[in-house]
Amino acid sequence: MSPARLIDLRSDTVTAPTEAMRAAMARAEVGDDVYGEDPTVRALEERVAELLGHEAALFAPTGSMANVLAVRTVVGVGQEVLCESSAHIARAELGAHAAYTGLTMRTWTHPRGQVDLPAIQGLFAPDMGPFFVPTAAVAVECTHNFAGGAVLPIDDLRALRAWADEVGVAVHLDGARLWNAHVATGTPLDAYGAVADVLAVCLSKGLGAPVGSLVVGSAAAIEESRVWRKRMGGGMRQVGVLAAAGLHALDHHVERLADDHAHARLLAEACGIDPAGVDTNIVVVPHDDAPGVVARAREAGVLISAVGPRTLRLVTHLGVDRHAVDRAVAALAPLLG
Ligand SMILES: *Cc1c(COP(=O)(O)O)cnc(C)c1O
């Protein structure tokens with residue numbers, strides 16, 4: 001089967017910009033963003049800050065860089081951030097937070113990546129002088145990638161926020177797919193914004209932009225992140241062409257995420273998974289021979305990924321319409337159903 005005919009469910013990062021998005025990119029007004037002179041980047045930063053109810057935002061090339069920049073505004077050298085053990089910041093950023101910021105992490109474990117407040121309270125270390133690593137922040141991920149796109153309920157996030165205020169630690173929200181949580185639950189984006197001191201959000205996942213993420217927070221945090229972004233080599237120039245893709249995605253690709261969620265539930269059913277456990281656009285399927293199923297699915301015309309020796313992952317996105325989902329269901333059901 002030719003690659004073009006393959007249905008790609010490996011990730012929502014595989015989307016290519018639509019014709020309309022490419023047209024918006026071609027029209028973008030640009031300037032040198034290191035001088036703060038790219039009007040399209042500024043418009044995107046202002047829009048995202050406002051959507052999340054924060055003072056400011058900063059365009060970054062990747063979600064990983066946005067997470068590093070965000071976390072380092074609230075955690076210093078020799079301090080720790082607490083997170084869930086399969087969090088993207090712990091598992092999938094190649095130790096960037098340790099390498100660049102010099103922080104350490106301790107983790108709690110939850111099969112759905114949820115906030116476990118008693119566990120977090122048990123891990124929390126106040127500043128006790130030069131003896132123990134002090135906890136500076138708690139990081140949460142919504143939706144939670146490796147927990148299968150699980151949504152963190154807003155009430156749990158509010159309880160975390162209230163406790164964090166009591167003990168004086170910051171909250172970072174890795175919102176690479178916060179848009180999916182917003183659409184799945186109807187929780188306003190600024191309600192998620194209100195539980196966090198800093199956030200990272202991605203345009204390059206389900207929103208379908210080719211590149212781009214943002215750090216969101218206070219004016220001071222963003223000013224500091226702007227310096228560190230440049231220091232890390234992430235000062236970009238006429239990057240309004242990419243910001244235009246992000247603005248287009250915010251206009252046209254947020255509400256449609258509901259389709260991806262419906263498609264994910266159809267795929268779950270075909271794979272023998274209870275669709276009620278699929279919150280958003282990611283389906284996790286346990287299987288004794290994950291690499292073998294990946295190979296057989298490919299022969300049947302569907303690309304899926306193994307995220308562990310016994311874990312398959314299927315992700316829906318705007319490049320996979322209902323017709324393609326029906327074809328994928330027909331191909332995967334005999335392998336997994
Ligand atoms: C994809 C992702 C990121 C950032 O990934 P990049 O590939 O660096 O853009 C961060 N957090 C989560 C939860 C993700 O899924």
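In each ligand, atom 1 is the first atom listed, and ligand 1 is the first ligand listed.
Set against the non-hydrogen atoms of G63, the atoms of ligand 1 under 4.0 Å away are 4 (C), 6 (P), 8 (O), 9 (O). Every atom of ligand 1 with a heavy atom of T62 under 4.0 Å away is listed here by number and element: 8 (O), 9 (O). Counting atoms of ligand 1 from 1 in the listed order, those under 4.0 Å from a heavy atom of E141 are 13 (C).
Side-chain contact check for L117 versus L160: some heavy-atom pair is nearer than 4.5 Å. Side-chain contact between V48 and L250 is present, with at least one heavy-atom pair separated by less than 4.5 Å.
Within a 4.0 Å radius of atom 8 (O) of ligand 1, the protein contributes one or more non-hydrogen atoms.
H88 ND1, 3.3 Å is the protein heavy atom nearest to atom 10 (C) of ligand 1. Summary of contacts: the protein heavy atom closest to atom 11 (N) of ligand 1 is D174 OD2, 2.7 Å.
A side-chain donor-acceptor contact under 3.5 Å links H54 to the backbone of A196.
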Legend entry - Derivation and outcome, side chain to side chain contact (heavy atoms under 4.5 Å, CB included), residues L203 and L44: CA-CA 11 Å; L203 305 166; L44 175 68; 3.8 Å; yes
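Contacts with ligand 1 closer than 4.0 Å are made by side-chain heavy atoms of K205 only, the backbone lying farther away. Residue contacts with ligand 1, taken as heavy atom pairs separated by less than 4.0 Å, involve R177 solely via side-chain atoms from C-beta onward. Contact annotation for S64 and ligand 1: heavy atoms of both the backbone and the side chain come within less than 4.0 Å of the ligand. Under 4.0 Å from ligand 1, the heavy atoms of N67 that appear belong solely to its side chain.
Expressed to the nearest 0.5 Å, how far CG of D259 lies from CG of L318 amounts to 10.0 Å.
Considering backbone and side-chain atoms alike, N145 places an N or O below 3.5 Å from some N or O of ligand 1.
With respect to D279 and R177, no salt bridge is recorded, no charged nitrogen being found less than 4.0 Å from a carboxylate O. Under the 4.0 Å criterion applied to side-chain N and carboxylate O atoms, R91 and E141 are not assigned as salt-bridge partners.
In this pair, H88 and F146 present their aromatic rings parallel. The plane angle is below 30°, not in the 30 to 60° band.
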